[in-house]
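Have a look at the structure below, then the notes.
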Amino acid sequence: MSHTSGVRQARKQQTRQALLDAGLRLLEHQNLSSLGLRELTREVGVSPAAFYRHFPDMADLGVALVDEALGSLHTVIRAVLTETADADELIDRTVAITAAYVTEHRPHVRFIARERHGGVTAVRTAIAAELDRFADEVAAGLGAQPASEGWPADDLHVLAELYVDHMVMTAAAFLEAPPDDPAAHDRITHAARLRLRIISIGRLHWLDPAVRQAAARG
């Protein structure tokens, strides 16, 4: 019985993954809100009824794709922040990781970029929650660095959000660049590093009284 149950569970997991993979393929040129259930199940070769054994609705499939797209990045980001204290090294590694992730996961990045402001509320909420988690983790990592000594927690979280927003913007830029255009890749890399260095310079001077007073007046 246990062997039969294990085989059944493995097949169920295979079908679930096939639905996710097919959904990602079909979403290359359309939004989740326009993807039909029959179109998806026809792509996989299962009945619409089989879909509901894995997902309550299409929105739930989208939420699962969000987790698949962004879940593995948490470990990578924590490692970068833990192992890297030098500002220039942090900048270079952040941009390199972003570029590599887009290269290896273009369909997932395209899905996130499109659905972040798409028409499916549950998916928008899931993406926002993942990005908030990234900001929390980045804030914790930055807070452990000597350059953050004396920073108020709220200010540190805003800084973390700047890093996360920049990462998303850079990923979108790499996504739009032709994969076979090294010059475009180099331009995006240079601009991303420059923006991060500007943020880093601002970080170094944020506790200066004159800077904080000027920001408060703004």
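Here the structure is a predicted model, which is why all the values come from computation and not from measurement.
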Practice problem: Take L131 and I127 through the side chain to side chain contact (heavy atoms under 4.5 Å, CB included) test and state the conclusion after the steps. | Solution: CA-CA 6 Å; L131 295 181; I127 294 172; 4.1 Å; yes
Practice problem: Kindly determine whether W151 and L159 satisfy side chain to side chain contact (heavy atoms under 4.5 Å, CB included), including the steps that lead there. | Solution: CA-CA 10 Å; W151 272 65; L159 176 65; 4.0 Å; yes
Quiz item: Can you list the steps and then say if H166 with T94 is a side chain to side chain contact (heavy atoms under 4.5 Å, CB included)?
Solution: CA-CA 10 Å; H166 178 274; T94 299; 5.7 Å; no
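Using a 4.0 Å cut-off between charged side-chain N and carboxylate O, D165 and R116 make a salt bridge. Contact check on E39 versus R42 returns no salt bridge, with no Lys/Arg side-chain nitrogen under 4.0 Å from an Asp/Glu carboxylate oxygen.
When all heavy atoms of L20 and A64 are compared, the pair lying nearest together is CD2-CB, 3.8 Å. Of all heavy-atom pairs spanning L175 and A113, the tightest one is CD2-CB, 4.4 Å. Closest non-hydrogen pair, L32 versus M58, comes out as CD2-O, 4.0 Å.
Summarising the geometry, atom CD belonging to E43 is positioned 10.5 Å from atom CG belonging to D21; distances are rounded to the nearest 0.5 Å. A distance of 6.0 Å separates CZ in R53 from OG in S47, rounded to the nearest 0.5 Å.
Inter-residue side-chain proximity for T103 and F174 is flagged as unmet; no heavy-atom pair is nearer than 4.5 Å. Proximity of L65 to E115: side-chain heavy atoms (C-beta onward) are nowhere separated by under 4.5 Å.
Heavy atoms of other residues, nucleotides or ligands lying less than 6.0 angstrom from NE2 of H74 number more than 12.
Aromatic ring orientation, F51 versus F55: tilted (interplanar angle from 30° to 60°).
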